[in-house]
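Being a predicted model, the structure only gives us computed values, none of them experimental.
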Amino acid sequence: MTALLDMQSVARTYVTRKGLIGQRKLVRAVDDISLRVTAGETLGIVGESGSGKSTLGRMALGLEPPDAGHVSFDGVAMPAPGTNAWRALRRRMQMVFQDPLGALDRRLPVLEQIIEPLVIHAAEGDHRRAGLQALAAVGLSAEHGLRYPHELSGGQRQRVVIARALITNPELLVCDEPVSALDVSIQAQVVNLLIDLQRDRGLGMMFISHDLRVVRQISSHVAVMYLGRIVEQGPAEDLFRAPQHPYTRALVSAAPSPGPRRTPRVILTGEPPNPAARPTGCAFHPRCPVAVARCIHETPALAGV
């Protein structure tokens with residue numbers, strides 16, 4: 001099947017400066033990553049904070065160009081940001097942000113914000129009617145559309161953000177920690193909503209999260225990131241049932257389990273390294289329970305298992 005989103009060997013580096021006259025440092029946020037997302041599939045991206053997940057999501061939408069490698073959408077190379085071709089693609093790809101209150105304009109009723117993409121793209125048809133249909137699709141009423149963001153609960157605001165993302169009928173949806181700010185019961189509602197919308201519309205989706213429970217529920221495939229690189233990827237059930245990489249094993253063992261543990265918990269020591277001072281060889285070796293001498297010098301490549 002042709003990939004809706006195809007990322008090949010992409011990398012992204014930032015330049016940081018400490019203080020006004022401090023020394024410049026290079027931070028490799030994403031390092032040589034290749035991923036594919038097909039229509040109707042959800043690719044989960046998991047990893048600790050600072051692993052490069054959000055940067056990868058922004059690169060997938062062309063919000064940030066890669067320093068190396070290339071990104072294509074529906075078989076066509078991603079246009080440069082700000083160009084007419086890039087703006088035209090906005091209708092076909094959308095993003096759901098982590099903080100719904102920060103993603104919404106507090107001065108406008110939410111219905112006006114939901115239909116704003118239709119106005120921007122000069123879409124034909126009754127915009128208000130389309131906005132009310134989008135509200136209904138995410139379980140909100142017309143009365144909710146008259147309210148301002150601060151008059152809605154956290155879960156309702158996230159539903160508004162999802163409705164706005166879906167108003168242009170996109171083919172690709174990138175969700176960047178969309179439920180991390182919500183309590184568990186509301187998380188389940190939003191995740192189930194996304195699953196239903198994807199089933200009904202055939203969306204391709206990239207779901208970025210550090211919550212393995214949510215990723216396992218919603219994803220068909222999963223990629224595990226550590227310090228800008230993918231250390232393991234594969235079908236969700238296979239990865240969670242029999243993780244191969246020691247970092248993935250530690251993440252899976254740390255996830256809450258409703259029953260007795262079948263395997264002993266893996267406890268990692270230390271903190272993730274500073275991205276501006278990456279360890280040599282395998283970046284995980286300072287914390288890895290099975291590291292050997294060659295790990296200090298060699299960067300392991302992904303291999304089929």
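- We find that R213 and D211 are joined by a salt bridge, their nearest charged nitrogen and carboxylate oxygen being less than 4.0 Å apart.
- For an aromatic pair to be called close, the ring centres must be under 6.0 Å apart, and H245 with F284 satisfies this.
- Remark: R128 CZ is loosely packed, at most 12 non-hydrogen atoms of other residues, nucleotides or ligands lying under 6.0 Å away.
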*Could you check Q233 against L43 for side chain to side chain contact (heavy atoms under 4.5 Å, CB included), going step by step and ending with a plain yes or no?*
CA-CA 10 Å; Q233 61 180 312; L43 173 65; 5.6 Å; no
*Would you check, one step at a time, whether the test side chain to side chain donor-acceptor pair (under 3.5 Å) holds for T13 with R28?*
CA-CA 4 Å; T13 301; R28 193 81 158 175; 2.9 Å; yes
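- Side chains of H210 and E177: a donor-acceptor N/O pair is present below 3.5 angstrom, by distance only.
- P81 is not listed as a side-chain neighbour of L63, based on a closest heavy-atom distance of 4.5 Å or more.
- Results of the side chain to side chain contact (heavy atoms under 4.5 Å, CB included) test with L35 over L56, L5, V71 single out L56 as the only residue that passes.
- For CD of E124, the number of neighbouring non-hydrogen atoms (other residues, nucleotides, ligands) closer than 6.0 Å is 12 at most.
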*asked:* Apply side chain to side chain contact (heavy atoms under 4.5 Å, CB included) to residues R164 and V110 and explain how you reach the verdict.
replied: CA-CA 9 Å; R164 185 175 63 180; V110 297; over 6 Å; no
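- Of the possible donor and acceptor atoms, none in the side chain of E112 sits under 3.5 Å from a partner among the backbone N and O of P109.
- To the nearest 0.5 Å, atom OG1 of residue T38 and atom CG of residue L172 are 11.0 Å apart.
- Here the side chains of E237 and R216 are in contact, with some heavy-atom distance below 4.5 Å.
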